[in-house]
Amino acid sequence: MASLAPASVLAAQASLCYPKSLEGLEKCSTMAEIKQFHSQIIRLGLSSDNDVMGRVIKFCAVAESGDLRYAHKMFEKMPHPDAFIYNTLIRGYLQCHLIRECILLYLQILQDSVTPNKFTFPSLLRACSIGNKIDEGRQAHAHLVKFGFENDGFSQNNLMYMYASFHSLQEARRVFDNMSQKDAVSWTTLISGYSQWGFLDDAHEVFRSMPEKTSASWNAMIAAYVQHNFFQEAFSLFDEMRTEKIELDKFVAASMLSACTALGALEQGRWIHGYISKSGIEFDAKLSTTIIDMYCKCGSLEKAFEVFNGLPSKGISSWNCMIGGLAMHGRGNAAIELFKKMEKQMAAPDDITFVNVLSACAHSGLVEEGRYYFRYMAEFHGIEPKSEHFGCMVDLFGRAGLLEEARKLVDEMPFEPDAGVLGALLGACKVHGDIELGDSIGERVIELDPNNSGRYVILANLYARAGRWDDVAKTRKLMNDRGLKKTPGFSMIELEGIVSKFIAGGMAHPEAKEIYAMVDEMLEQIKKMGYVPDTDCVLYDIDEDEKELPLRYHSEKLAIAFGLIKTRRGETIRISKNLRVCKDCHHASKFISKAFDREIIVRDRNRFHHFRNGECSCDDYW
DNA sequence: ATAGGGTTAG
């Protein structure tokens, strides 16, 4: 073998014929190895050879353990880099979401008079999608046509993806319709594109007319339903998929798990978990985290811990998820202990970890600990607090009644507080009746988040508490004028795998009569124990319809009654709500847990309440 | 080289 063949010969002989000393280049897995080869290459005088250097640059630019800056440096030293090298580099920048660089490289390719090939456009178009570069994307489309790749399937699929991401679904559709060879990716991309913008009917139509569905296309449709809260449809599509004997993969499993999470459907979630174990679907880091999250949010910390403890190696998301789970259940100290364990096991925390730790402190009233970790994250981990962290701190102080400190923190933030931060402060004002402060920030919150009806409701409630009915009316009018409606509250309960949903005063349930009778019985019993209805939330409610509904038939009470009817003595009753639990329901639930000797676990918008023997795990701190 | 999944305060 000629160990010193000139570069031109090497290039002509393509990939098979390196000098012996370059054997193994393809198998590099670390930068250290590749750098050794690079110095070999320089010694052999091949550092301008596109073929050899292309391989080196490819590793550096796109491999997991690569080094994009190093790739770029080598690229700059190439006298005549070819299209492959350009493409590879664009792909590298794309992976890092450095969109400007992708586009600049494309411009450079033209300047260098190198002809782009069909591999150039998929990455370029994808870059335009991610960076929402609409003009550039259209130009790229024009170039693609000019260079004659209009009929390249990969480019067409990426065009569809791009136009869908630009919200130009008609153009995505036009590309699709013009394709002579549609593959599974083309169909699936169109389904997801429609779904992304809420056109579920179109997505469904495309899905139905797809000739040979793959698991990815099933999943695209299932995920579409889940994301838009059509859980029933998601479950029935899932069933259909199983009857058609399509093999379920981890993506479908993940989509279904998130449906269970949203519904609080523990039994269903368990079933999917069991199915995954049986079917041999691989428990990768993402799927494990999804499962842990499902158990946390469906109210079973025990099962979540079981899965968490069984993980062979714990990724940062699993830790974050578990800490967040403890936070949500009001187990602040346990969350902090787990965080310490995480640090000991050398898993470096990130900003999300601290959101969870701080929210754990907030939910448990651990003010000193919260203060400590807020400083600690920057000082020991170099993580500068973001708006989420300020939000947690404002919530922590606000909930604890330290409104002045909360306000001071907002004033001293190094950047403009967003709706989240101010909203937390407004919420605290409502809880503690600080009209003056609430009045001063309420308008700002609404200005920053004008389409969130919840903001108006809180402000109106604050005014109502102060008896400022003119302001209540003004706020309500503003909300109505903007076409916003108060989010209707509902409660869900899953029994034998079926989720029932209740709204306050609703009669739609086939067993409504029995349920209402049970509510009456419940209230009868607990009144004997000293329960007195708390009518505060009725008085303050700004929604007329809601105001007329008797407190006693709030959705949560209906769901609990249904649970009492349908489950055996001693069984835990689990409820999920879309809003926060109201004061009266909270009060009543404590009594009910004692009167009927049941543990009642309620997930509200923010956290869990475990009612047991007349008490709640939140200690009335919420 | 292109499609589908996870953790984030109120």
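All heavy atoms count here, side chains included; hydrogens, waters and symmetry mates do not. Proteins get letters first, then strands, A, B, ... in listed order; numbering begins at 1 in each.
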Participant: Let's see if you can work this out: which of B/dG10, B/dT8, B/dG6 has an atom nearest to the side-chain heavy atoms of A/Arg399?
Facilitator: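 Nearest to the side-chain atoms of A/Arg399, counting from C-beta on, is B/dG10.
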Participant: How many angstroms lie between atom CZ of A/Arg407 and atom CG of A/Leu425, to the nearest 0.5 angstrom?
Facilitator: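 Separation between the atoms: 9.0 Å.
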Participant: Taking the side chain of A/Ser317 as its heavy atoms from C-beta onward, which of B/dT7, B/dG5, B/dA1 lies nearest to it?
Facilitator: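 Among B/dT7, B/dG5, B/dA1, the one nearest the side chain of A/Ser317 is B/dT7.
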Participant: Test A/Asp604 against every option in A/Arg580, A/Lys577, A/Lys297, A/Lys583 by the salt bridge (charged side-chain N to carboxylate O under 4.0 Å, His left out) rule and name the one that passes.
Facilitator: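 With A/Asp604 as partner, A/Arg580, A/Lys577, A/Lys297, A/Lys583 yield a single salt bridge (charged side-chain N to carboxylate O under 4.0 Å, His left out), made by A/Arg580.
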Participant: Just to be sure I understand the rule, does A/Leu358 reach a base, reach only the sugar-phosphate, or reach nothing, if contact means heavy atoms closer than 4.0 Å?
Facilitator: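 Touches nothing.
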Participant: Using a heavy-atom distance cut-off of less than 4.0 Å, which residues of residues 329-340 of chain A contact DNA chain B?
Facilitator: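 None - not one residue of the stretch has a heavy atom sitting under 4.0 Å from the strand.
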Participant: Drop me the distance from A/Arg371's CZ to A/Met393's CE, to the nearest 0.5 angstrom.
Facilitator: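 A/Arg371 CZ to A/Met393 CE: 7.0 Å, rounded to 0.5 Å.
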Participant: Does the B/dG4 base have a donor-acceptor partner in the side chain of A/Asp249 within less than 3.5 Å?
Facilitator: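 Indeed there is one.
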Participant: For the pair made of CZ in A/Phe251 and C1' in B/dA3, what is the distance, rounded to whole Å?
Facilitator: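 Interatomic distance, CZ of A/Phe251 to C1' of B/dA3: 10 Å.
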Participant: Would you classify A/Ser258 as touching base, sugar-phosphate or nothing, given that sugar-phosphate means primed atoms plus P, OP1 and OP2, and contacts are heavy atoms under 4.0 Å?
Facilitator: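 A/Ser258: no heavy atom of the nucleic acid under 4.0 Å.
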Participant: How would you label the contact of A/Ser359 with the nucleic acid (heavy atoms, under 4.0 Å): base, sugar-phosphate, or nothing?
Facilitator: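 If one applies the 4.0 Å heavy-atom cut-off, A/Ser359 turns out to touch the sugar-phosphate alone, with no base involved.
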Participant: OP1, OP2 of B/dA9 versus side-chain N and O of A/His363: anything below 4.0 Å?
Facilitator: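 No, outside the criterion.
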Participant: At under 4.0 Å, does any side-chain N or O of A/Arg126 touch on OP1 or OP2 of B/dA3?
Facilitator: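 For B/dA3, OP1 or OP2 has a side-chain N or O of A/Arg126 closer than 4.0 Å.
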Participant: If you check every side-chain atom of A/Asn606, which of B/dG5, B/dG10, B/dA3 has the closest atom?
Facilitator: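 For A/Asn606, the side-chain atoms sit closest to B/dG10.
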Participant: Can you check side-chain hydrogen bond (donor to acceptor under 3.5 Å, both in side chains) on A/Thr353 and A/Asp350, steps first, answer last?
Facilitator: CA-CA 5 Å; A/Thr353 315; A/Asp350 63 7; 2.9 Å; yes
Participant: Closest approach to the side chain of A/Ala184, judged atom by atom: which nucleotide of B/dG4, B/dA3, B/dA9 is it?
Facilitator: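 Looking only at side-chain atoms, A/Ala184 lies closest to B/dA3.
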Participant: Are A/His143 and A/Tyr106 an aromatic pair by the rule of ring centers under 6.0 Å?
Facilitator: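 That pair passes the under 6.0 Å test.
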Participant: Using 0.5 Å steps for rounding, measure from the CZ atom of A/Phe238 to the CD1 atom of A/Ile222.
Facilitator: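 So the gap between those two atoms works out to 7.0 Å.
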Participant: Determine: side-chain N/O of A/Lys297 to OP1/OP2 of B/dT8, distance under 4.0 Å, yes or no.
Facilitator: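 Checking A/Lys297 against B/dT8: at least one side-chain N or O falls below 4.0 Å of OP1 or OP2.
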Participant: If you check every side-chain atom of A/Lys250, which of B/dG4, B/dG5, B/dT8 has the closest atom?
Facilitator: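 Minimum distance to the A/Lys250 side chain belongs to B/dG5.
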Participant: Hey, does A/Val185 reach any base, or is it just sugar-phosphate, or nothing, if we go heavy atoms under 4.0 Å?
Facilitator: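 A/Val185: base contact, heavy atoms under 4.0 Å.
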Participant: Nearest to the A/Thr214 side chain among B/dA3, B/dG6, B/dT2, which nucleotide is it?
Facilitator: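 Selected nucleotide (nearest to the side chain): B/dA3.
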Participant: For the base of B/dA3 and the side-chain ring of A/Tyr161, does the geometry meet a stacking cutoff of under 5.5 Å between centres and under 30° between planes?
Facilitator: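 No, A/Tyr161 does not stack on the base of B/dA3.
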